[in-house]
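Below you'll find the structure, written out as structure tokens, and then a few comments.
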Amino acid sequence: MKQAAEITKKLPKVLLLHEVAENEGAWTILPVIPYFADTYGSNSSWIFFCEEDTSVNLRKLLETLERFDKSKEYFLGKALYDEESTIIHHYAFAEDPTFFKYPDFAAGWALSMPLVRRLAEILTKDPPSSDFTIDLKHEIALYIWQKVDALELTPVPEFCTEDPNSLQAAGCATTFSNTLPVCGKPVKQEEIFVAVKTCKKFHNDRVPVVKQTWEKNAVHLEYYSDHADPSIPTIDLGIPNVERGHCGKTFAILERFLKSNLKNVRWLVVVDDDTLISLPRLQKLLSCYECNEPVFLGERYGYGLGARGYSYITGGGGMVFSKAAVKEFIGSKCRCYSNDAPDDMVLGMCASGLGISVTHSPLFHQVRG
């Protein structure tokens with residue numbers, strides 16, 4: 001805004017997506033495109049999207065956008081593509097996954113207003129068919145490609161993810177600072193309790209990897225299994241192992257955590273036995289959150305957000321709960337409808353009903369990085 005004031009008296013409108021609409025799915029962008037078209041369709045040329053940590057050289061951004069005809073439909077960004085087809089993209093373009101380009105949100109991306117208006121018309125008649133929101137940048141690009149005459153992303157070299165202070169950033173309109181947020185003193189090791197979900201068949205291959213890598217950074221850690229093995233040791237919660245879902249096991253972990261007598265513990269981290277985690281980094285990240293508030297943190301996915309659905313923290317990347325959040329979950333009547341229900345989605349439903357924010361951090365990952 002300071003840069004804008006030096007360029008023009010008429011400042012640009014800056015919107016924070018979570019404030020744009022009451023819609024639970026505003027973060028998925030497509031549900032609020034009609035609002036953008038109605039509100040800004042007649043007096044703006046572009047809508048530019050970026051992340052909280054994206055830095056913008058406004059003069060350079062304006063010069064970059066001026067290269068493109070604002071009266072035409074443009075979808076601009078830093079192009080990413082898949083080197084091989086992947087499950088999170090539903091194996092799209094499996095014959096040649098490198099063909100399809102989608103924007104790196106960290107570098108910022110832009111839609112011309114004619115495209116915004118066109119999308120708004122399409123969305124009212126033909127909303128996205130998939131119930132799940134998993135990798136938003138790919139899903140938005142695919143929707144545009146499918147619905148707007150195979151319109152492809154136009155790569156823009158000035159949209160960058162270089163470090164702002166690097167030599168490579170000299171010609172960039174945007175840069176991205178990929179540093180860990182630190183909001184105070186890191187949370188102490190003894191304030192974090194780690195629960196590792198495992199089962200007997202993985203005791204000999206997955207558990208040793210945890211022990212050889214990140215377990216040493218945990219003061220409080222327990223392995224929960226369908227079989228009590230004193231050599232690890234694992235704890236049998238009395239919940240039979242299931243092939244998927246694990247809701248019964250996760251809720252038993254939440255209940256056990258609340259009943260524990262560990263006075264200084266303020267955070268619960270629930271991970272799978274094949275999750276890799278840096279606890280020192282997590283200690284720094286948690287300095288940004290208030291442990292006395294109901295915090296539910298991780299990588300956010302969505303289900304049915306176009307029609308009163310909910311957001312949830314995907315379990316494979318690790319789920320972080322403040323003690324206050326665990327108290328709210330267990331104190332409510334929200335429970336699994338079966339032991340093999342998807343634990344992360346049930347918790348998302350519960351959070352939605354209880355008014356607990358599902359907080360996304362790009363530092364958590366469900367799939368290989």
Side-chain angles (χ1 to χ4, degrees), residues 16-19 22 24-27 51-53 133 179-197 217-222 247 250-260 262-272 275 277-303 305 310-332 334-335 342-366:
L16 303 178
L17 268 177
H18 68 280
E19 295 177 354
E22 293 299 314
E24 168 87 23
W27 65 272
E51 302 291 278
E52 298 161 323
D53 294 322
T133 302
T179 54
L180 195 70
V182 180
C183 308
K185 287 185 178 178
V187 166
K188 294 176 182 175
Q189 283 180 306
E190 55 268 28
E191 294 179 1
I192 299 174
F193 187 98
V194 183
V196 182
K197 294 185 296 179
N217 292 313
V219 172
H220 306 294
L221 181 144
E222 288 183 342
C247 194
T250 297
F251 270 80
I253 289 170
L254 298 184
E255 289 176 356
R256 180 180 171 89
F257 173 75
L258 275 192
K259 290 174 184 173
S260 69
L262 299 167
K263 293 179 181 177
N264 293 326
V265 172
R266 294 177 172 84
W267 300 95
L268 170 65
V269 183
V270 179
V271 297
D272 293 338
T275 303
I277 187 167
S278 167
L279 289 173
R281 287 185 182 179
L282 181 64
Q283 288 170 244
K284 292 179 181 177
L285 177 64
L286 290 180
S287 70
C288 298
Y289 299 95
E290 178 52 65
C291 64
N292 296 318
E293 294 178 2
V295 177
F296 185 28
L297 175 69
E299 183 179 21
R300 178 179 54 191
Y301 283 4
Y303 177 75
L305 287 171
Y310 54 88
S311 303
Y312 63 97
I313 298 300
T314 180
M319 297 184 282
V320 180
F321 306 81
S322 63
K323 195 167 190 175
V326 178
K327 284 179 180 176
E328 288 209 25
F329 281 121
I330 297 303
S332 73
C334 204
R335 290 294 183 274
D343 56 351
D344 47 9
M345 295 182 73
V346 170
L347 285 164
M349 275 190 285
C350 294
S352 180
L354 293 167
I356 296 173
S357 292
V358 173
T359 305
H360 175 73
S361 169
L363 300 171
F364 293 79
H365 303 279
Q366 162 80 15

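What you see is a predicted model, and the numbers here were worked out from it, not measured in a lab.
Looking at heavy atoms from C-beta onward, Leu285 lies in side-chain contact with Leu297 at the 4.5 angstrom threshold. Ile330 places a side-chain heavy atom less than 4.5 Å from the side chain of Arg335. At least one side-chain heavy atom of Ile253 sits less than 4.5 Å from a side-chain heavy atom of Lys197. For the pair Tyr301 and Asp344, the minimum side-chain heavy-atom distance is 4.5 Å or more. A heavy-atom distance below 4.5 Å is not found between the side chains of Arg266 and Val187.
Scanning for side-chain contact (heavy atoms from CB on, under 4.5 Å) contacts around Glu222 gives Phe193, Tyr224, Ile235, Arg256, with sequence neighbours left out. For Phe296, the ring pair (Phe, Tyr, Trp, His ring centres under 6.0 Å) partners are Phe321, Phe329, not counting sequence neighbours. Every residue two or more places apart in sequence or in another chain that forms a side-chain contact (heavy atoms from CB on, under 4.5 Å) with Ala26 is listed here: Val32. Scanning for salt bridge (Lys or Arg N to Asp or Glu O under 4.0 Å) contacts around Glu299 gives an empty result, with sequence neighbours left out. Contacts of Ser311 classified as side-chain contact (heavy atoms from CB on, under 4.5 Å), with partners at least two apart in sequence or in another chain: Glu24, Trp27, Arg300, Leu305, Val358. In this structure, the side-chain contact (heavy atoms from CB on, under 4.5 Å) partners of Met349, at least two apart in sequence or on a different chain, are Tyr310, Tyr337, Val346. Residues forming a disulfide bond (SG atoms under 2.5 Å apart) with Cys291 (at least two apart in sequence, or on another chain): none.
The structure places CD1 of Ile192 at 11.5 Å from CG of Leu221, a figure rounded to the nearest 0.5 Å. Annotation: the span from Leu279 atom CG to Asn217 atom CG amounts to 5.5 Å, rounded to 0.5 Å. To the nearest 0.5 angstrom, Leu347 atom CG is 4.5 Å from Phe251 atom CZ. The CD1 atom of Ile356 lies 7.5 Å from the OG atom of Ser332; values are rounded to the nearest 0.5 Å.
The two atoms that bring Leu363 and Pro181 nearest to each other are CD1-CD, 4.0 Å, heavy atoms only. Nearest approach of Cys247 to Pro342, heavy atoms of both residues: CB-C, 4.5 Å. Between Ile313 and Gly298, the closest heavy-atom pair is CD1-N, 3.4 Å.
For residues 280-297, the set of pairs meeting the side chain to side chain donor-acceptor pair (under 3.5 Å) definition, not counting sequence neighbours, comprises Glu290-Asn292. For residues 349-361, there are no side chain to side chain donor-acceptor pair (under 3.5 Å) pairs, not counting sequence neighbours.
Residue Met319 forms a side-chain contact (heavy atoms from CB on, under 4.5 Å) with just one option from Val269, Asp343, Thr275, and that option is Asp343.
A donor-acceptor distance shorter than 3.5 angstrom exists from the side chain of His220 to the backbone of Glu190, with no hydrogens or angles considered.
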* side-chain contact (heavy atoms from CB on, under 4.5 Å) evaluation trace for Val265 with Phe257 -> CA-CA 9 Å; Val265 172; Phe257 173 75; 3.4 Å; yes
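The number of heavy-atom neighbours closer than 6.0 Å to CD of Glu52, taken from other residues, nucleotides and ligands shown, is 12 or below.
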